[in-house]
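Chain letters run A, B, ... following the sequence lines, proteins first and then strands; every chain starts at 1. Computation of the quantities below employed the complete heavy-atom set of this structure, encompassing side-chain atoms and omitting hydrogens, waters and symmetry-equivalent molecules. Quick caveat: nothing in here was measured; it's all calculated off a predicted structure.
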Amino acid sequence: MYNTRMTCLPCDFYLRTAPEVARALLGMRLVRDLDGSRISGKITETEAYDGEADLACHARSGKTTRNAVMYGPPGRAYIYFTYGMHWCLNVVTGAEGSPAAVLLRAILPLEGLELIVSNRKGLPENKWTDGPAKLCKALAIDGSLYGAALCETGSPLRIEQDKPVTDGEVVVSPRVGIQYAPEPWLSKPWRFRLMSE
DNA sequence: ATCTAGATGACCT
DNA sequence: GGTCATCTAGATG
């Protein structure tokens with residue numbers, strides 16, 4: 001029995017390498033507090049981006065205004081804007097000073113369904129939160145939440161402990177959308193997915 | 001089912 | 001000026 005819904009994962013949870021955190025986040029619950037209403041979903045897909053050496057990571061060119069939060073303490077939100085219209089959400093991992101993060105790529109809606117519906121108007125249910133920019137739209141996540149402490153109760157955006165998943169339910173594969181990256185980064189098995197039934 | 005084109009602006013060289 | 005950790009609608013088999 002996992003009656004741990006309201007417990008945030010502690011900041012120390014993120015004090016590991018990005019691939020370790022990416023794997024461990026599967027099954028946990030992403031929670032958005034919006035005007036007193038609760039929207040949440042089970043994390044079902046993640047990707048790890050691991051430091052300046054990782055030539056697919058946004059920190060590959062050093063510290064900038066955009067990626068600065070990755071250089072800070074773990075457990076905070078690195079949110080970036082891309083393709084002229086999309087927001088994407090990451091969790092910062094590792095010790096302060098070492099830039100790394102985990103991209104949240106998909107969730108399964110659990111609470112606040114009526115708000116998700118209104119944010120994803122007209123689309124079929126299976127397309128509500130099955131991509132990194134889609135889940136941000138569904139949960140009303142944008143740049144105003146940059147740096148939010150995901151490991152603190154009371155934060156408008158946080159990650160709560162939930163039922164862990166077994167290795168048998170997890171599919172590991174290379175990261176997507178980084179064709180520009182050279183080997184070995186292109187093929188690093190740092191994408192983690194929960195199998196769907 | 002799978003493919004393609006266009007959106008649209010911040011970021012980097 | 002080219003690229004981008006993407007998404008959607010529309011076309012086609």
Side-chain angles (χ1 to χ4, degrees), chain A residues 14 17-26 28 30 32 41 43-72 74-94 98-109 116-148 150 157 159 170-194 196:
Chain A
Y14 305 98
T17 69
E20 286 175 301
V21 174
R23 164 63 183 84
L25 278 175
L26 292 178
M28 302 299 114
L30 177 65
R32 173 82 168 106
I43 297 173
T44 56
E45 183 177 344
T46 59
E47 273 179 4
Y49 289 88
D50 199 17
E52 293 181 347
D54 174 8
L55 294 182
C57 180
H58 284 170
R60 62 184 177 275
S61 301
K63 187 174 179 177
T64 66
T65 316
R66 177 168 80 147
N67 66 24
V69 73
M70 291 178 83
Y71 288 77
R76 307 226 295 226
Y78 166 44
I79 297 170
Y80 67 89
F81 185 70
T82 191
Y83 292 104
M85 65 187 83
H86 299 306
W87 294 100
C88 293
L89 169 67
N90 297 250
V91 197
V92 174
T93 70
S98 78
V102 171
L103 173 67
L104 301 189
R105 292 192 56 88
I107 63 173
L108 205 59
I116 292 180
V117 170
S118 72
N119 290 336
R120 304 285 295 141
K121 227 191 295 273
L123 291 166
E125 183 172 351
N126 62 318
K127 299 286 184 60
W128 285 348
T129 54
D130 65 333
K134 297 183 198 180
L135 73 88
C136 284
K137 190 109 206 307
L139 272 59
I141 295 167
D142 63 21
S144 65
L145 291 165
Y146 186 91
L150 302 179
L157 184 64
I159 299 176
V170 177
V171 181
V172 183
S173 61
R175 296 171 290 181
V176 299
I178 55 159
Q179 304 315 308
Y180 61 88
E183 297 291 1
W185 313 108
L186 181 58
S187 300
K188 288 281 185 190
W190 287 350
R191 181 190 189 196
F192 301 87
R193 271 180 295 168
L194 204 48
S196 42

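- Checked against dA9(C), dA10(B), dA5(C), the side chain of L103(A) finds its nearest nucleotide in dA5(C).
- Counting heavy atoms from C-beta on, the side chains of L108(A) and L194(A) never come closer than 4.5 Å.
- Nucleotide dG13(C): unpaired (no Watson-Crick or G-U wobble partner with both distances less than 3.5 Å).
- Between R120(A) and the phosphate of dT8(C), there is a side-chain N or O to OP1/OP2 separation shorter than 4.0 Å.
- Across all strands shown, A133(A) has heavy atoms under 4.0 Å from sugar-phosphate atoms exclusively, and none from any base.
- Between H86(A) and dC7(C) there is no side-chain N or O to OP1 or OP2 distance below 4.0 Å.
- Closest of all the heavy-atom pairs between C88(A) and L103(A) is CB-CD1, 3.9 Å.
- Counting heavy atoms from C-beta on, the side chains of Y14(A) and L25(A) come closer than 4.5 Å.
- Among dA5(C), dA7(B), dC7(C), the nucleotide with an atom closest to any side-chain atom of M85(A) is dA7(B).
- By the criterion of a centre-to-centre distance under 5.5 Å and near-parallel planes under 30°, the ring of Y49(A) forms a stack with the base of dA5(C).
- Within a 6.0 Å radius of NZ in K134(A), other residues, nucleotides and ligands contribute more than 12 heavy atoms.
- The separation of dT3(C) from dA5(B), taken at their P atoms, amounts to 16 Å, rounded to a whole angstrom.
- Of all the residues in residues 135-144 of chain A, not one reaches under 4.0 Å from DNA chain B with any non-hydrogen atom.
- Electrostatic pairing of E47(A) and R105(A) counts as a salt bridge here, judged by a charged N lying under 4.0 Å from a carboxylate O.
- No hydrogens or angles were tested; on distance alone, a donor-acceptor pair under 3.5 Å links the side chain of Y80(A) to the base of dA5(C).
- When rounded to the nearest whole Å, the span between CG of D130(A) and P of dC7(C) equals 8 Å.
- For the pair R191(A) (side chain) and V176(A) (backbone), a donor-acceptor distance under 3.5 Å is absent.
- Spacing between atom NZ of K127(A) and atom P of dT2(B) amounts to 12 Å, rounded to whole angstrom units.
- When each of G131(A) and T82(A) is assigned the nucleotide of DNA chain C bearing its nearest heavy atom, the one mapping closer to the 5' terminus is T82(A).
- Pairing for dC11(B) is with dG2(C), a Watson-Crick or G-U wobble pair whose two hydrogen-bonding atom distances lie under 3.5 Å.
- Rounded to whole angstrom, the span from the OH atom of Y146(A) across to the C1' atom of dA10(B) amounts to 13 Å.
- Side-chain nitrogen and oxygen atoms of T64(A) include none within less than 4.0 Å of the OP1 or OP2 phosphate oxygen of dC11(B).
- Checking R175(A), K188(A), R60(A) one by one against D54(A), the salt bridge (charged side-chain N to carboxylate O under 4.0 Å, His left out) holds for a single residue, R175(A).
- Residue S61(A) has a polar side-chain atom (N or O) positioned under 4.0 Å from OP1 or OP2 of dT13(B).
- Within the structure, a side-chain polar atom (N or O) of Y180(A) is placed less than 4.0 Å from OP1 or OP2 of dA5(C).
- Nearest nucleotide to the F81(A) side chain, out of dA5(C), dT6(C), dG9(B): dG9(B).
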